[in-house]
Amino acid sequence: MTSSNRFANRLLVFVCGLVLLVVGGAAAAAVLVPGIRDGWKDAGTQVTDQVDSALEQTRLVGLEVSWILIAVVALLVIAIVILIVFIARHGHGHTSRAVTDSSGEHGTTVVESSVAEQALQDALDDHSEFVASHVSTYAVRRTPVLKVSVTCRRGVSPKDAAAIVESKLLALDGLLGRELPALIQVSGGFRARVGKTTRLQ
Amino acid sequence: MSSSTKALYARIGRRETHSSRSMLAIVLAIILIVVFAWVGTEVVIALLGLPALLVAPSDMFASAVGLAEQPAALVAIAGIVTAVIGLVLIVLSLSPGRRARHLIDTERAVTVVDNEVIASALARHASYAGNVDPDNATVSVSHRLGVVDLTPTSGIPADRDAVTRAVSDQLDSYGLRPTVRARVRIAEKGKVGA
């Protein structure tokens, strides 16, 4: 439900994997395959000469250091900033507005998402089928979506659990006068495992 | 349901049943940050003419270029291990990363259910139909298959067909996507006093 960019996640994993595969493969090939080994040695001396002359030619006047090295440091800093932004962008997507209605002539009606959350939470707390329940609101593609997660007691039929939550959602629809899109998450977990088994209904 | 809500529900359903690979991406990003920060610090220290923290940039470059002269066995093992890690990451980045969850057909909302919940509901019905103690029914639910293992009480045979029917009826009534098939196995040896 969060707005985490999944494509970016996979792209980063893929690029890291590709780099490791190529570097590791090249290193192994450089010592194991005789042809590549000789080629690597020949290329090595050339590369060293070229890099040395490049660093020599790009020396900054007065500083006695090459600007290439300074550029490398700058690139590393930029890469670090991008990675920090990448990490910080995970897990967002909560919203505090459930309904924003500006159809009237005299202004806008705003319903905070806590109204819907508390109404649902209250209704679900009475049910013995659930050991825990939690309601939150996310903006998915700019549409507020309710997320109702319930932890079932052992043995509760998932269909029954979903039906209970759906009936509460329909009641909320009546209260708000409109349908909010919703996700119902039925889960087990530790509290379900140590809790009491449900009775046969 | 409008088409926009349908598209929204399809998106949510897909995202809830597949891993976001966030954990892995964040760990890799942190490792990259540490490595980049270290290399950057070494370069700056070298530019200032101070002794290196761990390895001077010129030594890093020289050892990378002179890789072929290093002990072959060591380099080969390190290279192969690196390549295998890289391959695993590529596979992880391209594989769907399904989570242990199923979608349930519901009218009003998208519903995702942990396989664990489906299994515990099936276990309850299987033990009732097979006339065994709930503790002697083990169910594991995977993407397309639910395996029910029953250990009957000694002297009281468990009716395999009845259990299969009860479990299949339950699975049909849930309306899982993708559908789950049931397989019932009844242990040949019973348990005394269970």
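Lettering follows sequence order; numbering is per chain, from 1. Small disclaimer: the values here were computed from a predicted structure and weren't measured.
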Region of [X] in contact with chain A, defined by heavy-atom distances below 4.5 Å:
X	result
Ile31(B)	neither
Leu176(B)	neither
Ser19(B)	backbone
Ile12(B)	side chain
Ala64(B)	backbone
Ala123(B)	neither
Leu8(B)	side chain
Val81(B)	neither
Ser127(B)	neither
Ser173(B)	backbone
Ile104(B)	side chain

When you compare the side chains of [X] and [Y], does any donor N or O come within less than 3.5 Å of an acceptor on the partner?
X	Y	answer
His127(A)	Lys168(A)	yes
Ser22(B)	Asn9(A)	yes
Glu117(A)	Ser136(A)	no
Arg21(B)	Ser95(B)	yes
Ser133(A)	Gln121(A)	yes
Ser66(A)	Thr58(A)	yes

With only heavy atoms counted, which part of [X] is less than 4.5 Å from chain B, the side chain, the backbone, both or neither?
X	value
Val73(A)	side chain
Val150(A)	neither
Leu146(A)	neither
Leu32(A)	side chain
Thr48(A)	both
Val165(A)	neither
Asp38(A)	neither
Phe86(A)	side chain

### Query
What heavy-atom pair brings Thr106(B) and Thr111(B) nearest, and what distance separates the two atoms?
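It is OG1-OG1, 2.8 Å.
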Options [options], ranked by heavy-atom pairs under 4.5 Å with chain A, top entry:
options	result
Ala29(B), Gly13(B), Ala119(B)	Ala29(B)
Leu94(B), Leu92(B), Ile85(B)	Leu94(B)
Ala37(B), Gly40(B), Ala72(B)	Ala72(B)
Thr82(B), Val44(B), Val43(B), Val88(B)	Thr82(B)
Val75(B), Asn115(B), Asp114(B), Ile30(B)	Asp114(B)
Arg101(B), Gln70(B), Gln170(B)	Arg101(B)

### Query
Out of Val81(A), Ile87(A), Leu76(A), which residue meets the side chain to side chain contact (heavy atoms under 4.5 Å, CB included) rule with Ile33(B)?
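Only match with Ile33(B) under side chain to side chain contact (heavy atoms under 4.5 Å, CB included): Ile87(A).
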#### Entry: Single hit among Leu172(A), Asp125(A), Val115(A) for side chain to side chain contact (heavy atoms under 4.5 Å, CB included) with Leu120(A)
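Checked Leu172(A), Asp125(A), Val115(A) against Leu120(A); only one passes side chain to side chain contact (heavy atoms under 4.5 Å, CB included): Leu172(A).
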### Query
For the atom pair CG (Asp126(A)) and CD1 (Ile164(A)), what is the distance rounded to the nearest 0.5 Å?
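So the CG of Asp126(A) and the CD1 of Ile164(A) are separated by 11.5 Å.
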### Message
Below 4.5 Å, heavy-atom pairs only: which of Ile82(A), Leu180(A), Ile70(A) has the largest tally toward chain B?
### Response
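It is Leu180(A).
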### Query
If you tally heavy-atom pairs under 4.5 Å against chain B, which of Cys16(A), Ala8(A), Ala162(A) wins?
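Answer, by heavy-atom pair count under 4.5 Å with chain B: Cys16(A).
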### Task
Kindly say whether Gln185(A) contributes a backbone atom to a donor-acceptor pair with the side chain of Ser149(A) at under 3.5 angstrom?
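No.
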### NZ/NE/NH1/NH2 to OD/OE distance under 4.0 Å, Arg178(A) and Asp173(A)
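No, Arg178(A) and Asp173(A) are not salt-bridged.
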If you define the side chain from C-beta out and look only at heavy atoms, does anything of [X] sit under 4.5 Å from [Y]?
X	Y	value
Ile118(B)	Tyr174(B)	yes
Arg97(A)	Val110(A)	yes
Glu16(B)	Leu183(A)	yes
His102(B)	Val180(B)	yes

